[in-house]
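As the structure is a computational prediction, the values presented were derived from the model and not from experiment. When a ligand or atom number is given, it counts from 1 through the structure's own listing order.
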Amino acid sequence: MRVSAANLGFPRIGPRRELKTATEAYWAGKIDQAALRETAEGLRAMAWQRQKAAGIEVIPSNDFSLYDQVLDTSVMLGAIPEIYRAIGPADSLELYFAMARGRQTKGGQPEAEGCIHCHGAGADVPAQEMTKWFDTNYHYMVPEIAPGQSFALSTTKPIDQFNAAKALGYHTRPVILGPVTWLLLAKSKAEGFDALSLLPALLPVYAELLAKLAAAGADWVQIDEPALVLDLSDAARAAFRTAYAELAEVPGIKLMLATYFGALGDNLETALAMPVAGLHVDLVRAPEQLDAVLAGARKDLVLSLGVIDGRNIWKADLARVLDIVDYAAGEREIQVAPSCSLLHTPVDLELETRLDPQVKTWLAFATQKLGELALVAAARNQGRDQVAAALADNAAAVQSRRTSPLTNDARVRARMAGVTENWTRRVTPFAERIRRQQAVLGLPPLPTTTIGSFPQTAEVRKARSAHDKGELDTAGYEQFLREETERAVRWQEEIGIDVLVHGEFERNDMVQYFGEQLAGFAFSRAGWVQSYGSRCVRPPILYGDVSRPEPMTVAWWRYAQSLTDKPMKGMLTGPVTILQWSFVRDDQPRSETCRQIALAIRDEVVDLERTGCKLIQIDEAALREGLPLRRAEWNAYLDWAVEAFRISASGVQPQTQIHTHMCYSEFNDIIAAIGAMDADVISIETSRSKMELLDAFIDYKYPNEIGPGVYDIHSPRIPSTGEMEELLIKAGERLSPEQLWVNPDCGLKTRKWEDVKPALVNMVEAAKAARAALA
Ligand code: GLN
Ligand code: ZN
């Protein structure tokens, strides 16, 4: 049978982030609604056109969103919490963006860009909660539901966008988020409320939507149920059966049930038992499931094979892909597709003019991936010899990546082979280390410090961009940075902070700054990927063996330390976080790549120590978010992730104090791994939960030192001395006061000096008061 090339979703931000520009201009009142809608329409039309031109036969619609597809779904279903309802009708932008970003009637708009945590802070109507979409770096707005909730089809977005495509001559397959995944992602304020109990109320709305799509002329609908790759309860599996027994009945519509981000695993039987017309499976993350899928699938089930990686930027090995397709094809109808929506990849490699030309030949962004899909379909339908030249080009690129010295650095390989157990642990146990560290550092009880960055003011960003554009020479830029650093150091001394930081003014980003100095990384110019709303990130591309040609932070540390007699912390990003926030090579296990980064960071740690640095912080902000979706895989991940951290931290003398910082909230289920990291000091986020997040450490009897954040940096609010003192006393009563450090929840780069200054003055006062109270 013929194989067709299908797509599951295209990036919506536009090749040059046109959507970001337009939405932010709209929020700032610079353009009106009509202009925003016009930009959006243009972007959709361009995406359809690109897909058609590339040879994609099954083109999605309704994959576009002005902010987030989960929010679109919630609004469409009428799941609009009471506080937003007065703002406008369900299909108004006012209501939509209020749910997305919060709404402020006085004092201007919420920040357009900033720390993800600060999103919507300080608004009269808060934004909906936001969290990561499965294990991606895309964030969705968490649906809010309540017991007894009713639903009603409240917008017609999928139908409108199907019609808009039709008017332009494209017959599309609308994409909608399925009811079970939507419910499983939803949260309720009512304790213990079972979201799935709302399924019967929800299904008629989905049925109505499908009927309307059929009436508009749609024949297939892609219904996304990525929850099928998670560990599910029996109740959730039953909900799937109920839902699809009903929805598959809607006349005139065939459902392509899309699963992605992993294997169906123990949900495979459930998925295959549903009476849907098609099933999409992720064969990039889970190639091993193909046999079971083929064996169990009905003969008339259309299979969509996710063979092109929708999560990464490498050219596919098309010969391998074709072998898989040949293997799967037979009597059954097959589609070839990306593993998931291409939302998670940048739009177009053609815009990259400054990438290493060799590295560029190894890459495929969303547009290029469409071409790969079309080529696979053509090779299968017309025969490989009909597209021999294109296949040969692909094979040459794949071969060049495999054998290039850029991906095979003999020195790195040799060093990796020589890593032994000894590299992964500090020889001296913590109890002895801390004694020696205290003797060297002579800090008071409850020492005060901060997490690293100080406000990245408009001046700092202006100077950086002037330097990037060549308008400010390097000497001038560095002079400016030295002045900023000196001011920050003087000020910390003045208010009496015990362990100082240099402020990170020279860093554009905590991963990029290191990636730019490490061998094995490339940086795109336009490789933007949506993170949330108008916020986009440009992940570094880790293509080769990683090493550190030169010290990366030593000069700045030395300068900062030269300004003061107080101890200056060295400040590094950890290997897991660098891995997690980059596009990484797929030709070796992530664990191996992570270990290479760990060795590079270890070199920096050792150099900092050699230069006289006595406290070195290695941030692992992303350690927890790297957890696999399935619990059964957690331990394997935690083992190598913790080991990578330990490799980076274990090259120093016992008297050198290693700090780490993590800014997420849930530690309960990974506390043993946190303990195994064996950092001398960990700082964590705890202030918003009033120290509740410390419970995991208390229950675990965490032995090392710990700085529970007492200042919530996610809001401009200035905490009082009294409240921070209270938090410290609370922490000191439950842990031992000798273990405690005093610090904010996270770095201060997104805050303003006018908030930071009084807050830290209060924090130092609170530490003094708590020292007295706990003495
Ligand atoms: N050192 C970094 C900073 O202070 C840590 C940020 C983070 O963990 N997200 O900005
Ligand atoms: Zn943090």
Side-chain angles (χ1 to χ4, degrees), residues 113-119 132 137 139 448-457 460-461 464 484-485 488-489 492 497 499-515 531 535 537 539 552-553 556-557 560 568-582 601 604-605 608 613 615-626 645 648-649 658-667 674 677 679 681-689 693 706-715 741 743-753 755-756 759-760 763:
E113 269 222 56
C115 168
I116 141 156
H117 307 284
C118 314
H119 163 95
K132 280 183 188 254
N137 204 10
H139 302 74
T448 51
T449 191
T450 60
I451 305 304
S453 58
F454 276 123
Q456 290 261 332
T457 57
V460 173
R461 275 175 287 159
R464 177 175 310 128
E484 286 293 310
T485 307
V489 170
Q492 291 171 83
I497 300 254
V499 172
L500 310 197
V501 298
H502 74 289
E504 301 183 22
F505 302 108
E506 77 287 8
R507 301 189 187 176
N508 37 19
D509 171 89
M510 64 187 281
V511 169
Q512 188 177 350
Y513 180 76
F514 292 94
S531 170
R535 167 93 157 169
V537 294
M552 303 181 283
T553 64
W556 280 113
W557 177 84
M568 178 68 57
K569 250 194 298 193
M571 195 59 62
L572 305 173
T573 302
V576 184
T577 301
I578 293 179
L579 180 88
Q580 196 62 29
W581 290 349
S582 303
I601 298 297
E604 187 71 12
V605 170
L608 279 169
C613 185
L615 310 90
I616 301 164
Q617 179 173 312
I618 307 170
D619 291 325
E620 282 294 21
L623 190 116
R624 190 181 199 285
E625 71 179 51
F645 177 84
S648 72
I658 297 290
H659 288 227
T660 190
H661 165 71
M662 286 181 201
C663 40
Y664 44 74
S665 33
E666 251 313 320
F667 289 97
I674 306 285
M677 288 168 72
V681 184
I682 184 172
S683 59
I684 58 167
E685 171 185 330
T686 41
S687 74
R688 271 188 295 188
S689 70
L693 297 171
I706 178 165
V710 287
Y711 159 20
D712 176 10
I713 62 93
H714 309 103
S715 128
W741 283 67
N743 49 258
D745 270 341
C746 192
L748 298 162
K749 58 175 168 264
T750 58
R751 298 264 61 90
K752 297 195 161 53
W753 276 113
D755 306 329
V756 164
L760 289 182
M763 188 186 86

| task | Enter the distance from I658:CD1 to I616:CD1 here, rounded to the nearest 0.5 Å. | result | 5.0 Å
| query | Would a distance-only check, ignoring hydrogens and angles, find a side-chain to backbone donor-acceptor pair under 3.5 Å from D745 to T686? | reply | yes
| Proximity to ligand 1 by part of C663, non-hydrogen separation under 4.0 Å | side chain
| said: Given the Zn ion (ligand 2) as the apex, I'd like the angle to SG of C663 and SG of C746, rounded to 10 degrees. | reply: 120°
| said: Is there a polar contact, in the sense of an N or O pair closer than 3.5 Å, between Q617 and ligand 1? | reply: no
| query | So which of I713, D619, T577 gets nearest to atom 2 (C) of ligand 1, if we judge by its closest heavy atom? | reply | D619
| request: Answer side chain, backbone, both or neither: which part of M571 comes under 4.0 Å from ligand 1, heavy atoms only. | output: side chain
| request: Nearest 0.5 Å please: distance from the CG atom of L579 over to the OG1 atom of T573. | output: 13.0 Å
| request: Using a strict cut-off of less than 4.0 Å between a Lys/Arg side-chain nitrogen and an Asp/Glu carboxylate oxygen, indicate whether E504 and K749 qualify as a salt bridge. | output: no
| said: Taking the side chain as everything from C-beta on, heavy atoms only, tell me whether V511 gets closer than 4.5 Å to Q580. | reply: no
| query | Just wondering, do W556 and R507 contact through their side chains at under 4.5 Å, heavy atoms? | reply | no
| task | Among all protein heavy atoms, pick out the one at the shortest distance from atom 8 (O) of ligand 1; state its residue, atom name and that distance to 0.1 Å. | result | H661 CD2, 3.0 Å
| note | If we number the atoms of ligand 1 from 1 as shown, the ones under 4.0 Å from a heavy atom of I451 are 1 (N), 4 (O)
| Side-chain donor-acceptor contact under 3.5 Å, T485 with H502 | no
| request: Considering heavy atoms of the protein only, find what lies nearest to atom 3 (C) of ligand 1 and give residue, atom and distance to 0.1 Å. | output: S453 OG, 3.3 Å
| Counting each atom of ligand 1 from 1 as listed, which ones have a heavy atom of G747 under 4.0 Å away? | 3 (C), 4 (O), 10 (O)
| remark: Near A621 (heavy-atom distance under 4.0 Å), the atoms of ligand 1 are 8 (O)
| request: Decide whether W557 and E604 meet the rule of one side-chain donor and one side-chain acceptor closer than 3.5 Å. | output: no
| Which of the atoms of ligand 1 are close to G452, meaning less than 4.0 Å from one of its heavy atoms? | 4 (O)
| query | For C746, is at least one N or O under 3.5 Å away from an N or O on ligand 1? | reply | no
| message | Test your reading of the model: is there a side-chain donor-acceptor pair from T660 to the backbone of I682, 3.5 Å cut-off? | response | no
| Closest protein heavy atom (residue, atom, distance) for atom 6 (C) of ligand 1 | M510 SD, 3.6 Å
